[in-house]
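To keep things clear, I will list the structure first and then write my remarks on it.
Below, chains carry the letters A, B, ... as their sequence lines are ordered, and counting in each starts from 1.
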There are 2 protein chains.
Amino acid sequence: MLDFKSLNPLIHTPVRLGIMTVLSQQDSCDFNFLKKTLDTSDGNLSTHITKLETAGYLSITKIFQNKLPNTSYSLTQLGKMELSTYLTKMRNILQQSEI
Amino acid sequence: MLDFKSLNPLIHTPVRLGIMTVLSQQDSCDFNFLKKTLDTSDGNLSTHITKLETAGYLSITKIFQNKLPNTSYSLTQLGKMELSTYLTKMRNILQQSEI
DNA sequence: TTTGTCTACTTTGTAGTACAAAGTACTTTT
DNA sequence: AAAAGTACTTTGTACTACAAAGTAGACAAA
């Protein structure tokens, strides 16, 4: 019995997998960087970020930079752990494929 | 710019990724085998199968076995191609993760 | 013989989700 | 001071995943 059900759905969604992946590569980044990197709409990105924050997977820092708001995000310990678990499971699944 | 958007959503859903993975391992299998292997409800499995068939990713063969209906599924060429593309993209994404 | 149970699915109703359009708040330009 | 721009957030809608309920035939018991 292959365990597809345990793939964390909070991470599995492409946009959120993207956010988590980007944040695994750098300690933190801001809204516009994510928006550019993932090529999503403001609204979509914002709601996905909120979900990840609510889950405790990322922390948010708001400052003013050049008189403009600037919000940056980084993975929490929990977020790193959950991403790590997700990656392990997904890698196992991909290995199962014989194509 | 990482290309998370191009992950084929018809394959990405866990149950359907499961179906495709199982069918990449064996030429064909039947409804009950998928149900057991993926641990899903009848209804859920049925609708996911229909989606994959509508997309042309798998073909369906219905017979009677011991006076009971028996339906088996196998990947089409298109299905194999799309799975292959998905796997490549997902592997690239997983490689990006630094955790 | 008809009532009930079993297998093997399919259809349908609902609750939840992803997305972009619209909205907010502040700044800069004209 | 009116308009346009930046940096987001909130909201409405269209879609989706899921299981409960439904269908159809086989066999069993009453």
Nucleotide [N], atom [atom2] - distance to [atom1] of [X] in whole Å:
X	N	atom1	atom2	answer
B:Asn32	C:dT10	CG	P	11 Å
A:Phe64	C:dT27	CZ	P	7 Å
B:His12	C:dA18	NE2	P	10 Å
A:Phe4	D:dC18	CZ	P	13 Å
A:Asn44	D:dT9	CG	P	13 Å
A:Phe31	D:dG5	CZ	C1'	16 Å
B:Leu45	D:dA17	CG	C1'	13 Å
B:Leu38	C:dC9	CG	C1'	16 Å

Crowding at CD, B:Glu98 (>12 non-hydrogen neighbours, <6.0 Å): yes
Indicate whether the side chain of B:His12 and that of B:Asn8 have a donor and an acceptor atom separated by less than 3.5 Å. no
Have A:Ser59 and A:Ser74 got a donor and an acceptor in their side chains that come within less than 3.5 Å? yes
Proximity to the side chain of [X] - top-ranked nucleotide from [options]:
X	options	answer
A:Thr47	D:dC8, D:dT11, C:dA8	D:dT11
A:Lys67	C:dT10, C:dT28, C:dA18	C:dT28
B:Lys62	C:dT10, D:dT9, C:dA20	C:dT10

Does a nitrogen or oxygen in the side chain of B:His48 sit under 4.0 Å from OP1 or OP2 of D:dT16? no
At under 4.0 Å between heavy atoms, what does [X] touch on the DNA or RNA strands: base, sugar-phosphate, or nothing?
X	result
A:Lys35	nothing
A:Thr40	nothing
B:Lys5	nothing
B:Thr13	sugar-phosphate
A:Thr50	nothing

Both A:Ser46 and B:Arg16 contact DNA chain D. Taking the nearest nucleotide for each, which residue is further toward the 5' end? A:Ser46
Run through B:Thr40, B:Asp30, B:Asp42 and flag the one making a side chain to side chain donor-acceptor pair (under 3.5 Å) with B:Lys35. B:Asp42
Pick the nucleotide of DNA chain C nearest each of A:Pro9 and A:Gly43; which residue has the one closer to the 5' end? A:Pro9
Do B:Lys5 and A:Pro14 have side chains that get closer than 4.5 Å, going by heavy atoms? no
